[in-house]
Every structure is written in C-alpha cells, then in structure tokens.
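For reference, the structure discussed in these notes is given below.
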Amino acid sequence: MSAETYTVMLNRLPASLAQLQQMPEGKLQKPEHTAALTVAALCLYPTDKETALQMLEYLHGPKGLSVYDKQFLADRFRDKDYVPRSYLAGATPQNNYEPTAPYTVTVFENPYSRANFAEGYLTLHIRSGGADSPRQIKLRHKPSTDQWFLWEQFLLSDIRPPVAADPWA
C-alpha cells in the first residue's frame with residue numbers, strides 16, 4: 001500500500017472555538033482536518049492560552065485534556081512559541097517561522113500509519129520547517145459520529161531556533 005499525502009488549506013487560523021467549529025474542517029470528518037486544526041490550535045496557544053485549550057479540548061473529543069496534557073503544553077511553550085508555526089507551509093528558521101497565507105498543512109501516512117486502524121487509530125506525520133524528521137500525530141475514529149479526534153501529538157519537540165533568536169546566526 002502506498003503512503004497517502006493530504007494537504008489542508010486554511011484561509012485563516014481560527015481565533016475562537018466557535019470559529020474552529022464553523023470551518024468546514026471543524027466537523028472533524030477527515031483525519032487530516034483534525035491534524036491541521038491541531039496545528040492551528042497550537043499556533044494560538046502563545047497568544048491566547050485559554051482559547052487554545054478550549055480548541056484542543058474539542059479536538060480531543062470524549063477523551064478531553066488531562067491535567068498532564070495542560071502541564072505538558074505549558075512546559076513546552078515556555079520559550080518556544082514558534083514551534084507550531086513550523087508546521088505551516090513556508091515557515092522556516094530563516095523567516096522566523098512566519099508562514100504564508102492561506103495556511104497550508106501537509107500530512108502524510110507512512111507504511112505503519114494504519115497499524116492500529118482496525119482499532120480506530122491512525123498515525124499521521126507532519127514535516128516541520130525546522131526539523132530533519134517529521135513529527136507524529138495520532139488520531140482516533142469515533143464510528144457513531146464518523147469523526148476523527150486527537151488522541152496524542154508529538155508536535156512540540158525541539159526544532160532549530162529562528163534566525164532572529166539564534167545567537168550563532
């Protein structure tokens with residue numbers, strides 16, 4: 001089976017949970033939509049933590065966000081607010097991770113992405129403009145609503161700093 005690639009284009013990044021839910025992708029009918037909206041919610045976190053947490057709570061569906069999840073996010077965003085922007089097309093260390101609009105997120109499967117598909121899980125991968133290897137985002141399908149929810153994400157690992165923040169640049 002060949003690996004699938006999906007590109008999701010967002011005309012704008014949502015600034016509220018209502019905006020996220022009103023977007024066509026906000027119905028969470030496709031796993032790539034949930035992955036792209038996760039990136040969008042994480043991009044909002046540095047400027048509006050509470051709204052970003054509301055979005056992530058929605059994206060997690062019945063699982064919700066745990067106290068650990070919230071603490072993990074707080075720890076990861078202490079001094080690296082640029083990391084989630086690195087998953088948007090055009091964002092690189094050279095331009096201080098400033099993406100171009102419309103905002104594009106490309107996700108792809110690898111040969112192991114569907115290893116637990118029969119149990120309702122799908123692992124997608126997203127390339128960062130500041131990392132050599134792609135990062136994973138795991139989604140879970142809810143058959144009763146035919147929606148895909150965020151199960152876990154590994155998108156906040158360290159990446160190369162933006163040129164403006166790199167004392168060695």
Side-chain angles (χ1 to χ4, degrees), residues 6 8-88 91 97 99 103-110 112-131 133-159:
Y6 311 93
V8 179
M9 197 164 17
L10 306 172
N11 290 324
R12 64 185 161 88
L13 297 179
S16 70
L17 176 58
Q19 281 182 8
L20 182 141
Q21 291 171 326
Q22 290 166 3
M23 297 170 76
E25 298 82 4
K27 292 177 180 56
L28 311 181
Q29 299 294 300
K30 296 182 178 180
E32 63 269 23
H33 290 171
T34 304
L37 291 176
T38 299
V39 170
L42 292 172
C43 285
L44 183 63
Y45 189 94
T47 57
D48 189 347
K49 175 183 168 183
E50 290 310 312
T51 301
L53 288 173
Q54 289 172 8
M55 291 177 180
L56 290 167
E57 186 81 34
Y58 171 73
L59 294 169
H60 271 275
K63 179 182 177 192
L65 278 174
S66 69
V67 172
Y68 172 81
D69 292 331
K70 293 175 186 177
Q71 185 59 51
F72 178 80
L73 289 167
D75 290 346
R76 288 296 171 145
F77 276 105
R78 281 204 208 293
D79 58 354
K80 307 241 168 70
D81 68 341
Y82 53 85
V83 173
R85 293 193 314 268
S86 76
Y87 296 102
L88 300 171
Y97 296 108
Y103 303 101
T104 304
V105 179
T106 302
V107 298
F108 62 95
E109 295 182 31
N110 73 10
Y112 306 102
S113 288
R114 294 179 179 255
N116 296 315
F117 196 74
E119 292 83 32
Y121 297 95
L122 177 66
T123 303
L124 295 175
H125 303 269
I126 309 176
R127 292 200 188 282
S128 162
S133 59
R135 307 297 196 229
Q136 291 184 352
I137 183 167
K138 190 173 189 178
L139 307 160
R140 185 172 182 184
H141 186 245
K142 184 178 178 187
S144 63
T145 61
D146 198 28
Q147 291 176 296
W148 287 90
F149 291 101
L150 174 61
W151 189 252
E152 60 185 354
Q153 55 83 16
F154 301 97
L155 303 178
L156 299 176
S157 300
D158 208 8
I159 60 173

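With rounding to the nearest 0.5 Å, the separation of OG1 in T38 from CD1 in I137 is 4.0 Å. With values rounded to the nearest 0.5 angstrom, H60 atom NE2 is found 9.5 Å from W151 atom CH2. Here the CD-OG distance, from Q22 to S16, works out to 7.0 Å after rounding to the nearest 0.5 Å. Note that CD of Q21 is 9.5 Å distant from CD of Q54, once rounded to the nearest 0.5 Å. Note: D81 CG to T47 OG1 = 9.0 Å, rounded to the nearest 0.5 Å. Here CZ of R140 is found 13.5 Å from CD of Q147. Values are rounded to the nearest 0.5 Å.
Of all heavy-atom pairs between P14 and L44, the closest is O-CD2, 4.0 Å. Nearest heavy-atom pair across P84 and L156 is CD-CD2, 4.4 Å. A15 and D48 get closest at one heavy-atom pair: O-OD2, 4.5 Å. Nearest heavy atoms, E57 versus G64: OE2-CA, 3.2 Å. For the residue pair Q19 and R12, the shortest heavy atom distance occurs at OE1-NH1, 2.9 Å. Annotation for A131 and R135: closest pair CB-NH2, 3.4 Å, computed over non-hydrogen atoms.
Annotation: side chain of V39 is not in contact with side chain of Y103 (no heavy-atom distance under 4.5 Å). Contact annotation: the side chain of R114 approaches that of L122 to within less than 4.5 Å [non-hydrogen atoms, C-beta and beyond]. Looking at heavy atoms from C-beta onward, L124 lies in side-chain contact with L139 at the 4.5 angstrom threshold. Side-chain atoms of P134 and F108, non-hydrogen and from C-beta on, do get closer than 4.5 Å to each other. Inter-residue side-chain proximity for L150 and L37 is flagged as unmet; no heavy-atom pair is nearer than 4.5 Å. Here the side chains of D146 and H141 are in contact, with some heavy-atom distance below 4.5 Å. Contact check for L56 versus D69: no side-chain heavy atoms found under the 4.5 Å cut-off. Contact annotation: the side chain of F77 never approaches that of V83 to less than 4.5 Å [non-hydrogen atoms, C-beta and beyond].
Around the NZ atom of K138, the shell of radius 6.0 Å holds more than 12 heavy atoms that belong to other residues, nucleotides or ligands.
S86 places no side-chain N or O within 3.5 Å of a backbone atom of G130 that could act as its donor or acceptor partner. With S128 contributing its side chain and Y87 its backbone, the two residues share no donor-acceptor pair below 3.5 Å. A donor-acceptor contact shorter than 3.5 Å links the side chain of Y58 to the backbone of G26. Side-chain N or O atoms of Q29 include one that pairs as donor or acceptor with a backbone N or O of K27 at under 3.5 Å. Between the side chain of R85 and the backbone N or O of Y97, at least one donor-acceptor pair lies under 3.5 Å.
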Apply side chain to side chain contact (heavy atoms under 4.5 Å, CB included) to F72 and Q153, showing your working.
CA-CA 11 Å; F72 178 80; Q153 55 83 16; 4.2 Å; yes
Please test Y6 against H33 for side chain to side chain contact (heavy atoms under 4.5 Å, CB included), starting from the C-alpha separation and ending with a verdict.
CA-CA 9 Å; Y6 311 93; H33 290 171; over 6 Å; no
Dump the intermediate steps for side chain to side chain contact (heavy atoms under 4.5 Å, CB included) on V105 and L88, then the final yes or no.
CA-CA 5 Å; V105 179; L88 300 171; 3.5 Å; yes
